[in-house]
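Below: one structure, written as structure tokens.
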Number of protein chains: 4
Amino acid sequence: MPRVSEEHRVARRQQIIDAAHRCIVENGFHQTSMQDVINESGLSAGAVYRYFTGKEELIRAVAEKASVHFAEAMAKVVSEHPSLSWDQALARLLSGLMSDLDESRAGTARLAVQIWGEAQRDPVVAEAALGALVAAQRRMHSLVVQLQDTGRIPKSGDAGQISQALLSFLLGCIVQSMLMEDVDLEGLAHGLAALPSPVELERAGG
Amino acid sequence: MPRVSEEHRVARRQQIIDAAHRCIVENGFHQTSMQDVINESGLSAGAVYRYFTGKEELIRAVAEKASVHFAEAMAKVVSEHPSLSWDQALARLLSGLMSDLDESRAGTARLAVQIWGEAQRDPVVAEAALGALVAAQRRMHSLVVQLQDTGRIPKSGDAGQISQALLSFLLGCIVQSMLMEDVDLEGLAHGLAALPSPVELERAGG
Amino acid sequence: MPRVSEEHRVARRQQIIDAAHRCIVENGFHQTSMQDVINESGLSAGAVYRYFTGKEELIRAVAEKASVHFAEAMAKVVSEHPSLSWDQALARLLSGLMSDLDESRAGTARLAVQIWGEAQRDPVVAEAALGALVAAQRRMHSLVVQLQDTGRIPKSGDAGQISQALLSFLLGCIVQSMLMEDVDLEGLAHGLAALPSPVELERAGG
Amino acid sequence: MPRVSEEHRVARRQQIIDAAHRCIVENGFHQTSMQDVINESGLSAGAVYRYFTGKEELIRAVAEKASVHFAEAMAKVVSEHPSLSWDQALARLLSGLMSDLDESRAGTARLAVQIWGEAQRDPVVAEAALGALVAAQRRMHSLVVQLQDTGRIPKSGDAGQISQALLSFLLGCIVQSMLMEDVDLEGLAHGLAALPSPVELERAGG
DNA sequence: CATGAATGAGGTTTCATTCAT
DNA sequence: GATGAATGAAACCTCATTCAT
């Protein structure tokens, strides 16, 4: 199959990344052997090594793809619903992250945790993961500012800190949804919204 | 009467678990070889296999130890400061989790992420991780109820949902502190406290 | 009438052999991959396999080419200077072998050693190498006879044995020049000429 | 089999080196797979890799052992027969090198050529090979001086050049004996001794 | 009981060769 | 004819585990 289009090459790469993605969601980075990926992809060992120099590069490609996907999903969720109220926005963020991101919310969460684990060892994966987080935070920063500007939430809070706290909460939801079956995402959103705010605390004399 | 005393046995087990802990924090579960643990522990291969049937059992022991540690640290943090205000309690939870748990906050976060990754594959590890989360949530539930009872936060919110949201936030902080250098934990706490509450939102007409 | 002419075929073959030659001088037979040869030749894999059935045939072609080259260089050296004295002839043989054979003496010596190594395994390569040696010895035999006939060296020695000894000496020079930087070829020639001869030994009472 | 003596470790190493030696003589360095060595040694893969970090180290060990062996054999040959005449010494050197060195002269020559080939790529092997040559030359230098001092050969020749020429001759004999069946070593020695010397050449008017 | 040398299945990767385009 | 992507056997090496001493 010579004289192959750039298109074909990209498709093949994606085919391998997808196969690796499936394996890794199922078994984790280091429990997935190259043979697993080779079998899952339907290609031969040689073919896989034509597109990736080794397992490390393949892991990085999967991590980067997932990170980009995460950031894009976050952007989409945040931008597509400009007029939501605060708790609607929260709920949308959560359900969007968990289900829009991937057909199966489990897959997303599982892969995310794998990537974080790998980030401890591979700086390239760490950078990809961090990039996704930073992009996500920026989006949420915009959202918070927008909500503040339109009076839907008070302007007293620091948008940077709020958006980072929000990010932590979302990441934590990912972890929880991975460890527990049937996490009540809506309940989580309500729980977050029900947290006391400074204004209230002052009023309560806290 | 057992030979070298039960005490000795437990001490040896702990010695091995500690060695494994250090290796895993450094390199992750699957990049840590049994030889690494053997070297780090200062024992022989045979000795390690006398106390653990294999790598799986050792991983489980490390995960369980860490989970218990996590739950205990959480209990301590929550119970030791019964009269704190809401934002003091938040800040205390965060700093307590991150530094009391372990000499190095990095180590704690890294091991946690490793355990979550392993939980995807090993039900025993999953149960340990889940147990720690459930225990932590219970503690926070108590805290929330206590704060509500003493009027330090409003009683309108569902304590279960609030405590779970709080847990998500804390888990997310662990993830963030692992991926970013010098996460501003206090800023995160402020950010969370600055989130709008339902009362405010109603007032704002959201 | 053949398609692109026999001439073209031969030129292509030579192009590939030359590429392989360069690779092998650089990296040896078995450290040179077909891909190396393919890249060095500027052709495609398919093209190389159109001209050679496989690596073995290519190796044989390189070995045969080099062997023929060696024999021709020897012939040229021996025949071009019919009236040299013994030590002039010796020096001419050495320098001719080492520099006329190839632009770089290192390349010649390196390839020769590779061929000898391969001759242990491949009878075709062995035959090529042996053929070159036999041809070289025949040339030297003629030289020795010629020198004896013209009285430039004594007729007492057996021309066959002398020429074979001479060949051994030359082969050894190749090996030495490969292992040592800056071998003093002239010194070697002097050394050989300074070896005692039977006549002297008798005279010395040996 | 724990608590093993140093002796045992050295023996095991030697066992592996010997197995590798046999494989390499038979098939060359790069046609010998680690599996071949493993099978030939009667050990397991893990055992071999306990004693050698990889194929390269094993190749080096074989090359070094052979080089030391070569130098020792040369020393022995030269020193054991202090009162030989020139042509007796020559014949003794040749037959000693070829048969004393190894039970099979073929093996010695074949391995030598392999080492020279490998020396082109591995500096450690090159150093071992060069070391053996330098040691050999020193021995022959002593021999030449001794022969000159006792009047068995003329003092006119430069001992350094003579010994180096002698070395070249011997190396060439190794090559020839590898490429040709039944090389007449005695004939070669006669041939060398029959080469014209300067004295004769002058007399002949060359 | 402790030791650590030995095992060998299985992991990652390479590379000579083929064949659809 | 030419191309170069694809193949897959086989190479090198690791590592969890065992067991003779």
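All values reported here derive from a predicted model rather than from experimental measurement. The figures that follow rest on heavy atoms only: side chains count, while hydrogens, waters and symmetry mates do not.
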[options]: which one has an atom nearest the side-chain heavy atoms of [X]?
X       : options             : value
B:Arg12 : E:dA2, E:dA6, F:dT3 : E:dA2
A:Ser44 : E:dA2, F:dG8, E:dA6 : F:dG8
D:Ala47 : E:dT7, F:dT7, F:dA2 : E:dT7

[N] [atom2] sits how many Å from [X] [atom1], rounded?
X       : N      : atom1 : atom2 : answer
A:Phe52 : E:dT12 : CZ    : P     : 15 Å
D:Asn39 : E:dT7  : CG    : P     : 12 Å
A:Tyr51 : E:dT14 : OH    : P     : 17 Å
A:Ile16 : E:dT13 : CD1   : P     : 14 Å
B:Leu43 : E:dA2  : CG    : P     : 9 Å
C:Arg9  : F:dG1  : CZ    : C1'   : 12 Å
B:His30 : E:dG11 : NE2   : P     : 13 Å
A:Leu58 : E:dG11 : CG    : P     : 16 Å

Kindly write out the residues that satisfy salt bridge (Lys or Arg N to Asp or Glu O under 4.0 Å) with [X], not counting sequence neighbours, or none if the list is empty.
X       : result
D:Asp36 : none
C:Glu26 : none
C:Glu40 : C:Arg22

In chain order, what residues pass the side-chain hydrogen bond (donor to acceptor under 3.5 Å, both in side chains) check against [X], with sequence neighbours excluded?
X        : result
A:Arg50  : none
B:Asn39  : B:Gln35
D:Glu57  : D:Thr53
B:Gln120 : A:Gln114

(request) Would you check, one step at a time, whether the test side-chain contact (heavy atoms from CB on, under 4.5 Å) holds for A:Lys55 with A:Phe29? (result) CA-CA 9 Å; A:Lys55 193 178 185 179; A:Phe29 280 119; 6.0 Å; no

(request) Can you run through DNA chain E from 5' to 3' and write each base as (, ), [, ], | or . depending on how it pairs? Watson-Crick or G-U wobble, both distances under 3.5 Å. (result) .||||||||||||||||||||

(message) Measuring to OP1 and OP2 of E:dA6, would you say a side-chain N or O of D:His8 lies under 4.0 angstrom away?
(response) yes

(message) Is C:Arg50 close enough to F:dA2 that one of its side-chain N or O atoms is under 4.0 Å from OP1 or OP2 there?
(response) yes

(request) Quick one: do A:Arg60 and A:Glu56 satisfy salt bridge (Lys or Arg N to Asp or Glu O under 4.0 Å)? Show the steps, please. (result) CA-CA 6 Å; A:Arg60 287 172 172 183; A:Glu56 185 177 70; 3.7 Å; yes

Pick out the pairs of N or O atoms, protein on one side and nucleotides 10-13 of chain F on the other, that lie under 3.5 Å.
from, atom 1, to, atom 2, distance (Å)
F:dC12, OP1, D:Lys55, NZ, 2.8
F:dC12, OP2, D:Met34, N, 2.7
F:dC13, OP2, D:Tyr49, OH, 2.8
F:dC13, OP2, D:Lys55, N, 2.9

(message) Let me spell it out: for each of D:Gly46 and C:Gly46, pick the nucleotide of DNA chain F with the closest heavy atom. Which residue's pick is nearer the 5' end?
(response) C:Gly46

